[in-house]
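Values below: every heavy atom of this structure, side chains too, minus hydrogens, waters and symmetry copies. Just follow the structure's listing: the first ligand is 1, and inside any ligand the first atom is 1.
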Amino acid sequence: MTHLTIRRPDDWHLHLRDGAMLTGIAPESARHFGRAIIMPNLIPPVVTGDQACAYRDRILAALPEGADFTPLMTLYLTEQTDPADVVAAHRDGIISAVKLYPAGATTNSASGVTDFDKVRGTLEAMAEAGIPLCVHGEVVDSDVDIFDREAVFIDRVLEPLRRATPGLKVVMEHITTRQGADYARAGGDTLGATITTHHLVINRNAILVGGIKPHYYCLPVAKREEHRLALRAAATSGNATFFLGTDSAPHIDPLKENACGCAGCFTATNTLSILAEVFEQEGALDKLESFASLNGPAFYGLAPNEARVTLTKGDPVNYPAKIETGDGSVTVFDPMMPLHWRVEE
Ligand code: DOR
Ligand code: ZN
């Protein structure tokens, strides 16, 4: 096969940031994606419907003329979140989901949740209104090894939370483990899971072998090879539980190449070419559309995009090593393999 036409994909987990960074990187996602779930972990975080509305306006203003891209906004869940504000923002079409960060789990997560009893009312109101909860699934306990934090989160937090709030739609964001894929697969139609592009490509060796490679560091951190293989099997299975959420997360190079480097891989620029390569390697090009364009909207109760994109196989694709923004340069994720599938523009 040398041509593949699929529905225009969506990105169900994306960091667009704000200000000059937003202006610099928004075109990278708008080029190939129809919609994206926009993460609310700005400084300060997006915690009210009014803030989400204002942030959406800033994103729309940053898009290139004629872009076919709709930001789907989220609110950042805190222990002070007002359930009525969440329900109203969803009813008014301002937000599509709410994001749960365990406090301290990742970049700008200090305002996240420590005491889950304090968000019980909001979770119950969301279940009632059909508002999905997007979950960063890692415990932050200092006695839990960073490579075990996702698996432990499922047992200690996610399963009790879902039992306590029947009917709540939950997205396990950026799963990185076999345990995550297995739990999601068994979770029925109220449970979905996003998988990033980079976790299909790298295991933890990419970060650590031959010198420390900060551009492969993200959270949840990449795990052993057996987990990468489990994620590839899940993504390429066609199972409607699994859909693309790139977690493309730009940081300027000085903050990545640093004694205390930020977490995040920036994949917006070359995600579709990488995915086509991965799905072809798995003999599953026919499942790429389910993963990138169909399963996500189905979970969120939306129609797939009407527009199509065509990928064409040929000589290795050129893409920029860095995106220059008004804040500084952002390194594009290097999949360490030639990419042969070009997105027709
Ligand atoms: O690697 C990550 N970067 N993981 C997250 O959860 C947050 C993100 C960011 O905002 O940079
Ligand atoms: Zn993220």
Side-chain angles (χ1 to χ4, degrees), residues 10-19 21-22 24-26 28-29 33 36-46 55 59 71-77 96-113 132-140 146-147 149-150 153 157 171-177 180 192-202 204 206-207 213-223 231 243-258 260-268 271 296 323 325 327-328 330-333:
D10 302 304
D11 185 347
W12 299 95
H13 182 131
L14 176 65
H15 297 269
L16 283 182
R17 314 301 192 204
D18 213 344
M21 178 64 86
L22 167 64
I25 55 109
E28 300 303 300
S29 288
F33 292 96
I37 286 275
I38 309 301
M39 287 298 120
N41 63 332
L42 305 182
I43 309 172
V46 179
Y55 183 31
I59 294 169
L72 303 174
M73 309 308 293
T74 61
L75 290 183
Y76 186 122
L77 182 64
S96 299
V98 171
K99 177 68 189 249
L100 164 63
Y101 288 104
T106 188
T107 312
N108 306 340
S109 63
S111 316
V113 176
L133 179 71
C134 298
V135 176
H136 183 110
E138 290 189 284
V139 294
V140 294
I146 191 167
F147 293 101
R149 289 179 168 199
E150 179 171 301
F153 182 89
V157 182
V171 184
M172 297 170 69
E173 300 283 66
H174 44 50
I175 57 169
T176 58
T177 58
T194 59
I195 302 177
T196 77
T197 308
H198 47 284
H199 287 111
L200 296 173
V201 175
I202 60 166
R204 64 194 196 177
I207 312 165
K213 312 278 186 356
H215 295 291
Y216 294 121
Y217 173 62
C218 65
L219 288 171
V221 70
K223 309 294 193 295
L231 299 176
F243 41 95
L244 174 63
T246 65
D247 198 14
S248 182
H251 295 275
I252 56 169
D253 288 332
L255 295 181
K256 294 284 296 173
E257 299 163 9
N258 189 297
C260 183
C262 293
C265 296
F266 181 70
T267 56
T271 272
I323 302 297
T325 78
D327 282 346
V330 175
T331 292
V332 174
F333 178 75

So is there a nitrogen or oxygen of C265 less than 3.5 Å from a nitrogen or oxygen in ligand 1?
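Such a contact does not occur with ligand 1.
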
Polar proximity ligand 1 side, N41 side, N/O cut 3.5 Å exclusive
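Right, the criterion is met.
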
Report yes or no: does R17 have a heavy atom closer than 4.0 Å to ligand 1?
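The answer is yes: ligand 1 sits under 4.0 Å from a heavy atom of R17.
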
Among the heavy atoms of H251, does any lie under 4.0 Å from an atom of ligand 1?
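Yes; H251 lies near enough to ligand 1 that a heavy-atom distance drops under 4.0 Å.
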
Which of the atoms in ligand 1, numbered in the order shown and given with their element, are less than 4.0 Å from a heavy-atom of [X]?
X: H136; answer: 6 (O)
X: D247; answer: 4 (N)
X: A249; answer: 3 (N), 8 (C), 9 (C), 11 (O)
X: C218; answer: 1 (O)

For the residue pair H136 and H174, does the interplanar ring angle fall in the parallel (under 30°), tilted (30 to 60°) or perpendicular (over 60°) class?
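The rings of H136 and H174 stand perpendicular, inter-plane angle above 60°.
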
Report the relative orientation of the aromatic rings in W12 and F243; use parallel for angles under 30°, tilted for 30 to 60°, perpendicular for over 60°.
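Perpendicular, since the angle between the ring planes exceeds 60°.
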
Identify the protein heavy atom lying closest to [atom], giving its residue, its atom name and the separation to 0.1 Å.
atom: atom 3 (N) of ligand 1; answer: A263 O, 3.0 Å
atom: atom 7 (C) of ligand 1; answer: T106 OG1, 3.3 Å
atom: atom 4 (N) of ligand 1; answer: L219 O, 2.7 Å

Closer than 2.8 Å to the Zn ion (ligand 2), do we get an N, O or S atom from [X], backbone or side chain?
X: H174; value: no
X: H136; value: no
X: D247; value: yes

Proximal heteroatom of H15 relative to the Zn ion (ligand 2) (N/O/S)
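The nearest such atom is NE2.
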
Minimum heavy-atom distance between [X] and [Y], given as atom pair plus value:
X: D18; Y: L42; result: OD2-CD1, 3.7 Å
X: I175; Y: G180; result: CD1-C, 4.1 Å
X: S96; Y: L72; result: OG-CB, 3.5 Å

Please work out, at 4.0 Å between heavy atoms, whether the side chain, the backbone, both, or neither of K99 comes within that distance of ligand 1.
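The answer is neither.
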
Within 45° cone of Y101 ring axis and under 6.0 Å: K99 NZ or CZ:
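The answer is yes, since K99 meets both limits relative to Y101.
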
Any donor-acceptor pair under 3.5 Å from T246 side chain to D11 backbone:
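Side chain of T246 to backbone of D11: no pair is present.
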
Quick check against the 3.5 Å criterion: does S248 have a side-chain atom that pairs as donor or acceptor with the backbone of T267?
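Such a contact is found between S248 side chain and T267 backbone.
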
Are K223 and T177 close enough, and set up right, to give a side chain to side chain donor-acceptor pair (under 3.5 Å), and what steps lead you there?
CA-CA 7 Å; K223 309 294 193 295; T177 58; over 6 Å; no

Going by ring pair (Phe, Tyr, Trp, His ring centres under 6.0 Å), name the residues that satisfy it together with H251, two or more places apart in sequence or in a different chain.
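Checked H251 against ring pair (Phe, Tyr, Trp, His ring centres under 6.0 Å); zero matches.
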
